[in-house]
Amino acid sequence: MSEAPTYSPGLAGVIAGESAISCIDVERNKLNMRGYDLVDLTEGGASFEEVAYLLLHDDLPNAGQLAAFCDALTVERHLPDPVVQMINAAPKSAHPMALLRTAVSSLGYCDIEAEDNSHEANVRKAVRLLAKVPLAIAAGHRNAQGLEPVEPRDDLGLAANLLYMLRGDDPQPYAVDAMNVSLILYSEHGYNASTFAARVAASTLADMHAAITVGVATLGGPLHGGANEAAMEMMLEIGTPDNARAWVMDALESKRKIMGFGHREYKSGDSRVPAMKQAGQLVLEATGEDRWRQIAEIAEETMLSEKGIFPNLDLPCAYTYYGLDIPIPLFTPIFVASRVSGWAAHVIEQQDNNRLIRPNHNYTGPVGRTFKPVDQR
Ligand code: SDX
């Protein structure tokens, strides 16, 4: 008789599936992505496109495969008219994550292969989503600002085009490098909440766009991807490095969660943080604005000394994006632009060898009640 499964709040520590895409090596504090150490990819100068290819296939591309992949992304860099109309009709006050969630869903009903869950169609849909999500983010932002959309350029990669389409001017090399590193670091992270949610949807044989829409919706929460925006709002509220320690101590006193800190898996620090701090340094040196990093550093010292809790990727990413003049409400949408690669890889893996994900639960409600008609209750 197999051991009765036990319940763990928040499924902490529960093995909920098998995957060959990535795993967090907590002992060595590294992220293994299809056999590569994630930090080797950023330090080796990989492009986000190379990492997205690695996730969607099962190894890094050679020169010919990378060129074909980038060409496929370029060809797909346009939005269907119904999606453009939806974006332009949305309230200008709509949060960019709500708009993006709807845009991904509407990309689904415009995709000619929407209902085809075959491996090949799923890979093609993943490429279309990778190409179109940055356009939806930029178009929504420009529309909300009352600005005309900026068409992507064929000579720019995904990181550079994202910056170009948001601002309409040539992005600085340091900005492209920092964005590229952040997209690689955000791309994939095992069975996190939004990826698991996408796998659950995919396990019902809901299509790729439905599963990615579920991922976007799940990532938006401040305990998950929304933390990068919340962390920047926290740093703005702190205002100066001199205020940082007292602010954090006060927040801890009132049992508040400090955004950008802690992680369900990592207990001695998020393996992605050093690489993001390094990328952020490029931006701070170029812009000369070091205040937010200093605030983050003091918050980090305080959280470590008071709670033994380390920062996660969202903290250094937040002040880096702020240093790139990216509006705070676009921080999590940019996380989406990257994580589409990881989510799609998991949807493909789930549907290639599927079993419906349907766990059980401990019932904690009443039993044995007798029904009485409403006039007797
Ligand atoms: C992401 O899973 C992934 O891989 C996610 C992600 C990815 O790439 O997909 O890495 C992206 O979501 C990173 C996390 C971003 N979220 C935040 O920064 C929000 C703040 N963090 C916390 O809410 C918390 O750390 C979580 C949600 C991230 C993890 O929570 P857990 O594992 O459920 O831990 P917990 O909430 O049970 O905390 C354990 C203890 C508690 O203290 P006690 O009640 O036992 O005294 O640690 C404390 C918590 O209060 N704690 C914090 C804290 N994180 C944990 N206290 C203050 N501030 C925090 N940030």
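One-based numbering, in listed order, for ligands and for the atoms of each. Positions are given from 1, in the same order as the sequence printed here.
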For atom 28 (C) of ligand 1, grab the closest protein heavy atom and report residue, atom and distance to one decimal in Å. Gly262 O, 3.8 Å
Using heavy-atom distances, let me know which of Leu31, Ile309, Thr218, Leu223 sits nearest atom 52 (C) of ligand 1. Ile309
Would you verify that at least one protein heavy atom lies under 4.0 Å from atom 31 (P) of ligand 1, or report that none does? yes
Determine if the distance from atom 38 (O) of ligand 1 to the closest protein heavy atom is below 4.0 Å. no
Who's closest to atom 14 (C) of ligand 1 heavy-atom-wise, of Thr195, Leu219, Ile258, Asn312? Asn312
Just let me know how Asp314 lines up against ligand 1, side chain, backbone, both or neither, with a heavy-atom cut-off below 4.0 Å. side chain
Give yes if a backbone or side-chain nitrogen or oxygen of Gly260 is under 3.5 Å from a nitrogen or oxygen of ligand 1, and no if not. yes
For atom 11 (C) of ligand 1, decide whether some protein heavy-atom distance is shorter than 4.0 Å. yes
Can you say whether the rings of Phe335 and Tyr186 are parallel (under 30°), tilted (30 to 60°) or perpendicular (over 60°)? parallel
Give a yes or no on whether atom 60 (N) of ligand 1 lies under 4.0 Å from any heavy atom of the protein. yes
For ligand 1, the portion of Glu265 having any non-hydrogen atom under 4.0 Å away: neither
Do Tyr36 and Asp59 have side-chain N/O donor and acceptor atoms under 3.5 Å apart? yes
How far is atom 36 (O) of ligand 1 from the closest protein heavy atom, and which atom is that? Lys257 CE, 3.5 Å
Show the atoms of ligand 1 that are less than 4.0 angstrom away from any heavy atom in Arg339. 7 (C), 8 (O), 9 (O)
Indicate whether atom 34 (O) of ligand 1 is within a distance of less than 4.0 angstrom of some protein heavy atom. no
Inspect the contact between Glu113 and Arg128 and indicate whether a charged nitrogen and a carboxylate oxygen are less than 4.0 angstrom apart. yes
Does the Glu289 side chain pair with the main chain of Arg291, one donor and one acceptor, at a distance under 3.5 Å? yes
Using non-hydrogen atoms of the residue, decide whether Pro222 is closer than 4.0 angstrom to ligand 1. yes
Report the nearest protein non-hydrogen atom to atom 4 (O) of ligand 1: residue, atom name, distance rounded to 0.1 Å. His189 ND1, 2.6 Å
Identify the heavy atoms of Ser271 and Asn29 that sit nearest to each other, and give their distance. CB-O, 3.1 Å
Looking at atom 7 (C) of ligand 1, is any protein heavy atom nearer than 4.0 Å to it? yes
Any Lys/Arg nitrogen of Arg124 or Glu120 sitting under 4.0 Å from an Asp/Glu carboxylate oxygen of the other? no
Basic-acidic side-chain contact under 4.0 Å: Lys277, Glu297: no
If you take all heavy atoms of Ser22 and Glu188, which pair is closest and at what distance? OG-OE2, 2.6 Å
Atom 17 (C) of ligand 1: of Ala12, Ser22, Ala231, Ala227, the nearest heavy atom sits on Ala227
Note: heavy atom closest to atom 3 (C) of ligand 1, options His263, Arg264, Arg272, belongs to His263
Output yes when a protein non-hydrogen atom is found under 4.0 Å of atom 41 (C) of ligand 1, and no otherwise. no
Where is the tightest heavy-atom contact between Ala275 and Thr42, given as atom of each residue plus distance? CB-OG1, 4.0 Å
Output the list of atoms in ligand 1 that are nearer than 4.0 Å to some heavy atom of Asn192, sorted by atom number. 2 (O), 3 (C), 4 (O), 5 (C), 9 (O)
Counting heavy atoms only, name the option from Glu306, Met303, His224 that's nearest to atom 1 (C) of ligand 1. His224
Could you tell me if Ser118 and Asp116 have a donor-acceptor pair between their side chains, going purely by distance under 3.5 Å? yes
Can you name the nearest heavy-atom pair linking Thr218 to His224, along with the distance? O-CD2, 3.8 Å
Nearest non-hydrogen protein atom, atom 21 (N) of ligand 1: Phe261 O, 2.8 Å
Check: His263/Asn312 side-chain N/O donor and acceptor closer than 3.5 Å: no
For Arg256, the ligand 1 atoms with a heavy-atom partner under 4.0 Å come out as 57 (C)
Distance-only side-chain donor-acceptor flag, Ser47 / Asn180, under 3.5 Å: no
What protein heavy atom is closest to atom 46 (O) of ligand 1, reported as residue, atom name and distance in Å? Lys307 NZ, 4.1 Å
Closest approach of Ala244 and Ile298, non-hydrogen atoms and distance? CB-CG2, 3.6 Å
